[in-house]
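Below: one structure, written as structure tokens.
A note on names: the letters A, B, ... follow the listed sequences, proteins ahead of strands, and every chain is numbered from 1.
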Amino acid sequence: MKRTHHCGELRSSDAGTRVVLNGWVHRRRDLGGLIFIDLRDREGITQLVVDPAATAAEQVNTAQLLHDEWVIAARGTVRQRPGTMVNPQLATGEIEVVVEALDVLNRAAPMPFHLDDTTVAEDIRLRYRYLEIRRSAIARNLRLRHRVAKLVRDFLDALGFVEIETPILSKSTPEGARDYLVPSRVHPGAFYALPQAPQQYKQLLMVAGIERYFQIARCFRDEDLRADRQPEFTQVDIEMSFVDQADVLSVSERMLAHIAREILDVEVPTPFPRLSYTEAMNRYGSDKPDVRFGLELADLSGALQKSSFRVFRRVLDTGGCVKAISPQGLSTASRRTLDAWAGEVAGFGAKGLASLRVETDGSVGGQAAKFLSEDEKRDILGITAAAPGDLILIVADTPKVVHAALGHLRRVIARDQGLISPDRFAFVWVVDFPLLEFDDENNRYVAVHHPFTSPRIEDVPFLDSTPEKVRAQAYDVVLNGVEIGGGSIRIHDPGMQARMFERLGISAEESEDRFGHLLTALKLGAPPHGGIALGFDRLVMLLAGAESIRDVIAFPKTTRAACLMTGSPAPVDAHQLEELHIRCTTGVDADSQ
RNA sequence: GGGGGUGUAGCUCAAUUUGGUUAGAGCACCGGCCUGUCACGCCGGUGGUUGCGGGUUCGAGUCCCGUCGCUCCCGCCA
């Protein structure tokens, strides 16, 4: 029985048509004589009626055997339902199919969990991921993901971009995230690395004269997971020749606005707002600010420079800062709420959360008021622009801790107070990132973005004297407080690239060993170039309104980087290890060796 | 590596507060009844290593120690 229609498409205008439907038994209601079957396929649900008056006895017997999720084919005639029996909950609710023949294509054992129950423990759903996809929002997300991928391809194709695949078996580089390694059988003791990004390949494609490249590329990073981080994830990787930063930003934001328009029917104005890294940190305490709401940070350091409050004074005397956010109308927040917020900031290293209340008469009360002079209180009111009824929450610490703590707290309060309208999509560019930062642990400078990022030309003179002041031609695109992409204009001058490696403390020998192919290529006619990589999973997650990128990935891994469905990773035969010249020192294999 | 949440029947939960009879309910499953249901209904039944290991106790799902899974966050993620 070949299917003629999907389960979501029949309407009363189809009454009288003979149809064949295929699908899964969504639900069976056996009334003794009459049997109703909700038949489901990926497009919808249609009610079948097995009526002894219209259906052969043998087929009725078959219908009595059916259980949830059996796979069947049914032939019958579409019939308009009598008025009182129309089901307005169902797109096909005005009709039903009177069954004349029924084939069981496959039986199904009882389901291990209720497929419609969204509260089922995640490990059980992951073990039977195909069942979760069958009925949950995941299938809808995967189809959305497909549409976004197609929009990306069509958009970039129209602009002359060429989609090119780059190797998955790649080479380990010393900078960046921990690599996934693949042992080589034919080169004992040597390893491939899975790419953290196709970074070097795409630069080499620019040297190759491709000019406009893109790839929907799988990337691998062996770091600990989060709701928005998987060990393998997908980037929309883009690189262009003969461009400057403005060109890359323009192509990127036009593509993102196009996607928002097509997927969400939302018109996002371009160009997106630009914020410098410094401004983002100062105003939002984050390099990926959620700009859907205010609650910006106010700097109280100047006003409290001479404060007699020892907590603030000590921080300011040792190079720290004191900043505040002032949520409106929360002056009556309970002690319990304040404690909960103090707990939130404690996770970022803040030792406390001081609070002030602006009373209805404009006076300043609250837990920290007694430590402050009248002048200081007046200055704080001026800087924060807090009004009667507002609350002022203050953190004093190193800038890093203050920004992290208040940056987090403003998001928590905005979410709890409903300050975020769910249908807003606020894109923002963060630009002028520092090129380098000092790594205390290794006692050297490391690249904030990556070692191929070009400094701003006017800052190059400071590369040796004050490296942390050099700004990069690097940019991140942020959507609703989630970093969805980043890129840079690359170094195309071999001398500058060598100087960067030197600045990063990578010796000439090591840079030749690790990046020799790139340095050589830069000497052989490399055009100026730059690009961007968009986090495809995160983008689709936000478009889908999902809370984790697991919800937009067909077969995701757990926070321990395991696949509960297939059981990967798993031990392998001693024979396989031997071929690969590998011996395990710990773990499940070690004992047998 | 660190902190939080969580784990009782195939699934979702109750019993844990204050240790005390045979660990209950709904759904699923099995058997029976039912011709207009759409979460169909009604009657009956099966089903438990309370994640795992150890300890305290006359007695542990409940208290203690360890450990494992899932999850959220910090570190980490050029």
Side-chain angles (χ1 to χ4, degrees), chain A residues 26-39 45-55 60 64 67-69 79 81-90 92-93 96 98 109-128 131 173-179 196-197 199-200 219-231 233 343-350 401 404-405 408 412 433 435-437 439 441-442 445-453 472 474 483 486 488 500 504 506 515 533 535 547-548 550 557-560 562 564:
Chain A
H26 187 73
R27 212 161 265 130
R28 186 180 65 114
R29 293 177 293 279
D30 185 344
L31 272 56
L34 275 184
I35 301 171
F36 295 95
I37 298 159
D38 288 342
L39 187 66
I45 290 174
T46 296
Q47 176 169 279
L48 309 179
V49 193
V50 177
D51 183 346
T55 312
V60 174
Q64 282 170 342
H67 285 274
D68 286 357
E69 300 304 313
R79 179 166 77 187
R81 296 199 204 177
T84 54
M85 294 156 200
V86 168
N87 183 351
Q89 314 262 287
L90 217 56
T92 60
E96 61 196 0
V98 185
M111 293 297 113
F113 61 93
H114 296 162
L115 302 194
D116 291 331
D117 184 353
T118 54
T119 68
V120 173
E122 186 143 18
D123 49 343
I124 291 160
R125 284 183 279 141
L126 284 175
R127 187 174 318 141
Y128 302 96
L131 294 181
T173 54
E175 303 279 307
R178 196 176 293 112
D179 284 318
Q196 297 175 27
Q199 182 60 34
Q200 292 179 57
C219 305
F220 305 86
R221 294 178 189 174
D222 185 5
E223 297 291 348
D224 288 341
L225 310 186
R226 292 282 193 287
D228 61 355
R229 275 162 37 183
Q230 282 275 301
F233 61 100
E344 291 282 351
V345 299
F348 294 83
V401 169
H408 172 73
V412 169
F433 276 83
L435 183 72
L436 301 162
E437 67 185 340
D439 177 9
E441 210 167 297
N442 295 301
Y445 283 95
V446 295
V448 169
H449 188 53
H450 58 54
F452 317 112
T453 298
E483 181 197 324
S488 63
M500 263 301 283
L504 294 170
I506 302 172
F515 304 109
E547 301 209 326
S548 166
R550 289 191 298 273
K557 294 193 168 47
T558 69
T559 52
R560 290 252 303 146
L564 298 179

(request) Using a 4.0 Å heavy-atom cut-off across all strands, classify Arg550(A) as base, sugar-phosphate, or nothing. (result) sugar-phosphate
(request) Can you tell me the pairing partner of rA60(B) across any strand shown, Watson-Crick or G-U wobble, with both distances under 3.5 angstrom? (result) none
(message) What's the gap between rC43(B) and rG53(B) when it is taken at their P atoms, as a whole Å value?
(response) 40 Å
(request) Select from Pro110(A) and Glu122(A) the residue whose nearest nucleotide in RNA chain B is closer to the 5' end of that strand. (result) Pro110(A)
(request) Indicate, yes or no, whether a donor-acceptor pair under 3.5 Å links the base of rG36(B) to the side chain of Glu96(A). (result) yes
(message) If the threshold is 4.0 Å, N to carboxylate O, is there a salt bridge linking Arg29(A) and Asp38(A)?
(response) yes
(message) Please classify the nucleic acid contact of Val120(A) as base, sugar-phosphate, or nothing, using heavy-atom distances under 4.0 Å.
(response) sugar-phosphate
(request) Would you mind classifying the nucleic acid contact of Thr558(A) as base, sugar-phosphate or nothing, using non-hydrogen atoms under 4.0 angstrom? (result) sugar-phosphate
(request) Verify the contact: side-chain N or O of His67(A) to OP1 or OP2 of rC30(B), cut-off strictly under 4.0 Å; return yes or no. (result) yes
(request) Give a yes or no on whether a donor-acceptor pair under 3.5 Å exists between the nucleobase atoms of rG10(B), that is its base, and the side chain of Arg127(A). (result) no
(message) Can you see whether Asp30(A) engages Gln64(A) through a side-chain donor-acceptor pair at a distance of less than 3.5 angstrom?
(response) no
(message) For the C1' atoms, the ones on rU57(B) and on rU46(B), what distance do you get once it is rounded to whole angstrom?
(response) 35 Å
(message) Considering every strand and a 4.0 Å limit on heavy-atom distances, what is the contact class for Arg560(A): base, sugar-phosphate, or nothing?
(response) sugar-phosphate
(request) Can you figure out which of rG69(B), rC11(B), rG36(B) approaches the side chain of Asp123(A) most closely? (result) rG69(B)
(request) Look at the side-chain N and O atoms of Thr559(A) and state whether any lies under 4.0 Å from the OP1 or OP2 oxygen of rU71(B). (result) yes
(message) Going by centres under 5.5 angstrom and planes under 30 degrees, do the aromatic ring of Phe36(A) and the base ring of rU37(B) stack?
(response) yes
(message) Please enumerate all residues that pass side-chain hydrogen bond (donor to acceptor under 3.5 Å, both in side chains) together with Arg125(A), with sequence neighbours excluded.
(response) Glu132(A)
(request) Please measure how far the C1' atom in rU56(B) lies from the corresponding atom in rA15(B), and state the result in whole Å. (result) 23 Å
Listed pairs, N/O of protein and of nucleotides 44-48 of chain B, under 3.5 Å:
none

(message) With hydrogens left out and only the distance checked, is there a donor-acceptor pair under 3.5 Å joining Arg29(A)'s side chain and the base of rC34(B)?
(response) no
(message) What's the gap between rA25(B) and rC74(B) when it is taken at their C1' atoms, as a whole Å value?
(response) 41 Å
(message) List the residues meeting ring pair (Phe, Tyr, Trp, His ring centres under 6.0 Å) with Phe220(A), not counting sequence neighbours, and say none if there are none.
(response) none
(request) Take atom C1' in rA23(B) and the same atom in rG1(B), then report the distance between them in whole Å. (result) 39 Å
(request) For Asp116(A) and rU12(B), give me the distance from atom CG to atom P, rounded to whole Å. (result) 14 Å
(message) Between Glu223(A) and Arg178(A) (side chain of the first, backbone of the second, donor and acceptor by atom type, cut-off under 3.5 Å), is there such a pair?
(response) yes
(message) Please classify the nucleic acid contact of Gln199(A) as base, sugar-phosphate, or nothing, using heavy-atom distances under 4.0 Å.
(response) base
(request) Would you mind pulling out the nucleotide paired to rC42(B), Watson-Crick or G-U wobble, both distances under 3.5 Å? (result) rG32(B)
(message) Pairing check on rC11(B): which nucleotide meets the Watson-Crick or G-U wobble criteria with it, both distances under 3.5 Å?
(response) rG26(B)
(message) Pick the closest RNA chain B nucleotide for Thr84(A) and for Gly176(A) by heavy atoms, then say which residue is nearer the 5' end.
(response) Thr84(A)
(request) Look at all strands and tell whether Leu90(A) reaches a base, only sugar-phosphate, or nothing, counting heavy atoms closer than 4.0 Å. (result) nothing
(request) Say whether, by atom type as modelled, one donor and one acceptor occur between the side chain of Ser548(A) and the main chain of Ala227(A) under 3.5 angstrom. (result) yes
(request) Using a 4.0 Å heavy-atom cut-off across all strands, classify His408(A) as base, sugar-phosphate, or nothing. (result) nothing
(message) Considering every strand and a 4.0 Å limit on heavy-atom distances, what is the contact class for Val448(A): base, sugar-phosphate, or nothing?
(response) sugar-phosphate
(request) Answer with yes or no whether Arg229(A) presents, from its side chain, a donor or acceptor under 3.5 Å of a partner atom in the base of rC77(B). (result) yes
(message) Of the options rG36(B), rC77(B), rC40(B), whose atoms approach the side-chain atoms of Arg81(A) most closely?
(response) rG36(B)
(request) Ignoring hydrogens and angles, answer whether the base of rG75(B) and the side-chain atoms of Arg226(A) contain a donor-acceptor pair closer than 3.5 Å. (result) yes
(request) Round to the nearest Å and state the distance from Asp30(A) atom CG to rG32(B) atom C1'. (result) 12 Å
(message) Which residues pass the ring pair (Phe, Tyr, Trp, His ring centres under 6.0 Å) test with Tyr128(A), not counting sequence neighbours?
(response) none
(message) In whole Å, measure the gap between the C1' atoms of rG75(B) and rG2(B) for me.
(response) 8 Å
(message) Measure OH/Tyr128(A) against C1'/rC11(B) and give the value in whole Å, please.
(response) 11 Å
(request) Calculate the interatomic distance between Leu126(A) atom CG and rC11(B) atom P; express it in whole Å. (result) 14 Å
(message) Please evaluate residues Gln196(A) and Asp179(A) with respect to the criterion side-chain hydrogen bond (donor to acceptor under 3.5 Å, both in side chains), reporting the C-alpha separation (whole Å), side-chain torsions for both, the decisive distance (0.1 Å), and the verdict.
(response) CA-CA 7 Å; Gln196(A) 297 175 27; Asp179(A) 284 318; 2.6 Å; yes
(request) Supply the atom-to-atom distance Gln200(A) CD to Thr173(A) OG1, rounded to the nearest 0.5 angstrom. (result) 6.0 Å
(request) Considering only atom P, compute the distance from rG20(B) to rC64(B) and round it to an integer number of Å. (result) 15 Å
(message) Can you check the distance between rG51(B) and rA14(B), where both ends of the measurement are the P atom (answer in whole Å)?
(response) 14 Å
(message) Any base atoms under 4.0 Å from Pro112(A), or only sugar-phosphate, or nothing? Heavy atoms, all strands.
(response) sugar-phosphate
(message) Is it the case that rC38(B) (base atoms only) and Asn87(A) (side chain only) share a donor and an acceptor within less than 3.5 Å, ignoring hydrogens and angles?
(response) yes
Scan nucleotides 25-27 of chain B against the protein and return all N/O pairs shorter than 3.5 Å with their distances rounded to 0.1 Å.
{"residue": "rC27(B)", "atom": "O2'", "partner": "His114(A)", "partner atom": "NE2", "Å": "3.2"}
{"residue": "rC27(B)", "atom": "O2", "partner": "His114(A)", "partner atom": "NE2", "Å": "3.0"}

(request) Let me know the distance between CD1 of Ile124(A) and C1' of rA28(B), rounded to the nearest Å. (result) 14 Å
(request) Could you please spell out the steps behind the side-chain contact (heavy atoms from CB on, under 4.5 Å) verdict for Met111(A) and Leu131(A)? (result) CA-CA 9 Å; Met111(A) 293 297 113; Leu131(A) 294 181; 3.9 Å; yes
Between the protein and nucleotides 3-8 of chain B, are there any N/O to N/O pairs under 3.5 Å, and if so, what are the atom names and distances?
none

(message) What I want to check is whether the side chains of Glu175(A) and His450(A) have a donor and an acceptor closer together than 3.5 Å.
(response) no
(request) Please work out if Phe452(A) contacts a base, only the sugar-phosphate, or nothing of the nucleic acid, heavy-atom cut-off 4.0 Å. (result) nothing
